[in-house]
Amino acid sequence: MSRYKSYHTIENLPNLIGQEVTLNGWVYDTTSKGKLQFIKLRDGSGIVQCVAFKQNISEETFETARSLTQESSVSITGTVKADERAENGVEIDVTGLKLWQLAKDYPITPKEHGIEFLMEHRHLWLRSSRQRAIMRIRAAVAKAIRDFFDGNGFRLQDSPILTPNACEGTSTLFSTEYFDLGNAYLSQSGQLYAEATAMALGRVYTFGPTFRAEKSKTRRHLTEFWMVEPEMAFFDLNDDMDLAEDMVEYIVQYALKTCQPELKIMGRDVSKLEAVRRPFHRMSYTEAVEWLNKNNVKLNKKNQDGTESQYDFPWGEDFGAPQEEAIMSQFDKPCIIHRYPSEVKAFYMKRDPENPKVALAMDMLAPEGAGEIIGGSQREDNYDLLLERIRHENLSEEAFQWYLDLRKYGSVPHSGFGLGLERTVKWISGAEHIREVIPFPRMIYRIVP
RNA sequence: UCCGCAGUAGCUCAGCCGGUUAGAGCAUCUGACUGUUAAUCAGAGGGUCGCUGGUUCAAGUCCGGCCUGCGGAGCCA
């Protein structure tokens, strides 16, 4: 029994048929038919139709019901009735009505709107049933992630968000002044710090916001997004891939178990999600390149005069969206591509002892065009090789002194990966655009609301 | 940053080859209706045609510049 305030919610109404309840919420839609007023009430847990019949209630209550507008806040008292005419089998026979506030000119009508308008009203758009469904799926995916790690011996260790330097030295970072210590940067990954905490606690994960100042403008990029990054001592690349598969399977199956109504609102084909069972597909980068060339997937490259030419895909080039899409078109569940050319990968990734031209890196691509949801690797654990890579990339040796220390005092093989929360939610929910799967998206041309 | 597209009522859009008073549906307001689900019916109000300069007897319409946004690429989760 909770000691804080509790009241009836709409999702629980089927258990309360015949009882009188008071519901607190907002008017989703109204329509009238003479002496009948139909009020669709939403309370965050669901929507129920409330029927106010003039002969059953006072004149004043009926007039109040008649005056209600979209998104007015109300408490409605009435009897729960099973009714076949109702959309979800239950409706409320109104006996009492308290108006908290009459909303005037709510901008988002039940009709169609353009994306620009909706984004400007994001703070209100979240109230609509489709957006609410996405946010509930997002909450479920985040819970599944935490449950999975907490239940498998991992400890949550938060990495700092303000950092003194670029983690990977490649992406553009947001910078800010940090007292007398010069510039600080918003973290684009918690991984390097997770490596340190993994050496302290064995298996850890960080789960927090990350920031990329790149001017990406696609339906799968945000400038601020949430990422979960596990880091495991004594895990090699294969252990890392096994963990990634287990985790993604768990997340998808958890969403299926707990979010059926939401997936239905989204019109999601759940059979596609049911198919997400281990083992996933795996192929090496080299095999993927062979597959691309065997299937005649060409690489488009701009010439200097602006024209485009097509080439066979050269070994050593990184995959772009067209290559990933082509590869995934043959699969109905995720695929891990591993052992990429080390030249296109970050300095901290360990090179394959059996072939130094490739790094022990892996990406997991999701099906149905969802693209890359995971990037990970086994980390370079040899002090001299890591130092060499830092120098080769022209990174500050001094700034990475603490990171090199991890290779100096009890270095062990270790691995980890990062999973993008929004990309995962986009895939599972079937949302068209990543801006719909975070309450307040931060994008190159939008920071309001 | 590059390529492409758009901006007309609160919203979604139409507006022809430049032409006389700027159009529709929805939303809003008023009225009718005991079963609506994007109700229906009758009526009403609602416009700096993104901004700016130009061409023209005449510009929402043609041309230039700017602003804002959208779609995609690259980068990546």
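Owing to the predicted nature of the structure, the values given are computational and were not obtained by experimental measurement.
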Chemist: Ring pair (Phe, Tyr, Trp, His ring centres under 6.0 Å) with His433(A): which residues, sequence neighbours excluded?
Modeler: none
Chemist: Of Gly114(A) and Val51(A), whose closest RNA chain B nucleotide lies nearer the 5' terminus?
Modeler: Gly114(A)
Chemist: Contact class for Glu91(A) vs. all strands (heavy atom < 4.0 Å): base, sugar-phosphate, or nothing?
Modeler: base
Chemist: What residues, two or more places apart in sequence or in another chain, satisfy ring pair (Phe, Tyr, Trp, His ring centres under 6.0 Å) together with Trp291(A)?
Modeler: none
Chemist: With Phe417(A), which residues qualify under ring pair (Phe, Tyr, Trp, His ring centres under 6.0 Å), at least two apart?
Modeler: none
Chemist: Looking only at the side chains, is there a donor atom on one of Gln49(A) and Arg85(A) sitting less than 3.5 Å from an acceptor on the other?
Modeler: no
Chemist: Using a 4.0 Å heavy-atom cut-off across all strands, classify Glu422(A) as base, sugar-phosphate, or nothing.
Modeler: nothing
Chemist: Give every pair of a protein N or O atom and an N or O atom of nucleotides 24-30 of chain B that lie under 3.5 Å apart, one pair per line with the distance.
Modeler:
none

Chemist: If you take any heavy atom closer than 4.0 Å to RNA chain B, which residues from residues 319-334 of chain A end up in contact?
Modeler: Gly320(A), Ala321(A), Pro322(A)
Chemist: What salt bridge (charged side-chain N to carboxylate O under 4.0 Å, His left out) pairs are there with at least one residue in residues 127-139 of chain A, not counting sequence neighbours?
Modeler: Glu11(A)-Arg136(A), Glu71(A)-Arg127(A), Arg130(A)-Glu436(A), Arg136(A)-Glu262(A), Arg138(A)-Glu422(A)
Chemist: Hey, what's the ring geometry for Tyr250(A) with Phe148(A), parallel, tilted or perpendicular (30° and 60° as the breaks)?
Modeler: tilted
Chemist: Think Lys333(A) forms a cation-pi with Phe280(A), using NZ or CZ under 6.0 Å from the six-ring centre and within 45 degrees of its axis?
Modeler: no
Chemist: Grab the N/O contacts between the protein and nucleotides 65-72 of chain B below 3.5 Å, and write none if there aren't any.
Modeler:
unit_1  : atom_1 : unit_2    : atom_2 : d
rG69(B) : OP1    : Tyr445(A) : O      : 3.0
rG69(B) : O2'    : Glu116(A) : OE1    : 3.1
rG71(B) : OP1    : Arg435(A) : NH1    : 3.0
rG71(B) : OP1    : Arg435(A) : NH2    : 2.6
rG71(B) : OP2    : Arg435(A) : NH1    : 3.3
rG71(B) : O3'    : Arg219(A) : NH2    : 3.3
rG71(B) : N7     : Lys217(A) : NZ     : 3.4
rG72(B) : OP1    : Arg219(A) : NE     : 2.2
rG72(B) : OP1    : Arg219(A) : NH2    : 2.1
rG72(B) : N7     : Lys217(A) : O      : 3.4

Chemist: Under 4.0 Å, heavy atom to any atom of RNA chain B: which of residues 25-38 of chain A qualify?
Modeler: Asp29(A), Thr31(A), Ser32(A), Lys33(A), Gly34(A), Lys35(A), Leu36(A), Phe38(A)
Chemist: Please pick, from rC11(B), rU37(B), rC76(B), the nucleotide with the shortest atom-to-atom distance to any side-chain atom of His113(A).
Modeler: rC11(B)
Chemist: Got a sec, which residues hit ring pair (Phe, Tyr, Trp, His ring centres under 6.0 Å) with His221(A), two or more places apart in sequence or on another chain?
Modeler: none
Chemist: How long is the line joining CG of Leu365(A) and P of rC76(B), in whole Å?
Modeler: 14 Å
Chemist: Tell me, which pairs form a ring pair (Phe, Tyr, Trp, His ring centres under 6.0 Å) where one or both residues lie in residues 53-112 of chain A, sequence neighbours left out?
Modeler: none
Chemist: Provide the distance between the two C1' atoms, one in rG47(B) and one in rU8(B), to the nearest whole Å.
Modeler: 8 Å
Chemist: Give each stem of RNA chain B as a range with a range, requiring at least 3 consecutive Watson-Crick or G-U wobble pairs whose two distances are under 3.5 Å.
Modeler: B:1-7 with B:67-73, B:10-13 with B:23-26, B:28-32 with B:40-44, B:50-54 with B:62-66
Chemist: When we call it a touch if two heavy atoms are under 4.0 Å apart, what does Phe53(A) touch: a base, just sugar-phosphate, or nothing?
Modeler: base
Chemist: Using a heavy-atom cut-off of under 4.0 Å over every strand shown, decide if Leu421(A) touches base, sugar-phosphate, or nothing.
Modeler: nothing
Chemist: Report which part of the nucleic acid Lys40(A) touches: base, sugar-phosphate, or nothing (heavy-atom distance under 4.0 Å, all strands).
Modeler: base
Chemist: For rA59(B) and rG50(B), measure between their P atoms and round to the nearest Å.
Modeler: 15 Å
Chemist: Using the test salt bridge (charged side-chain N to carboxylate O under 4.0 Å, His left out), find all partners of Asp105(A) that sit at least two apart in sequence or belong to another chain.
Modeler: none
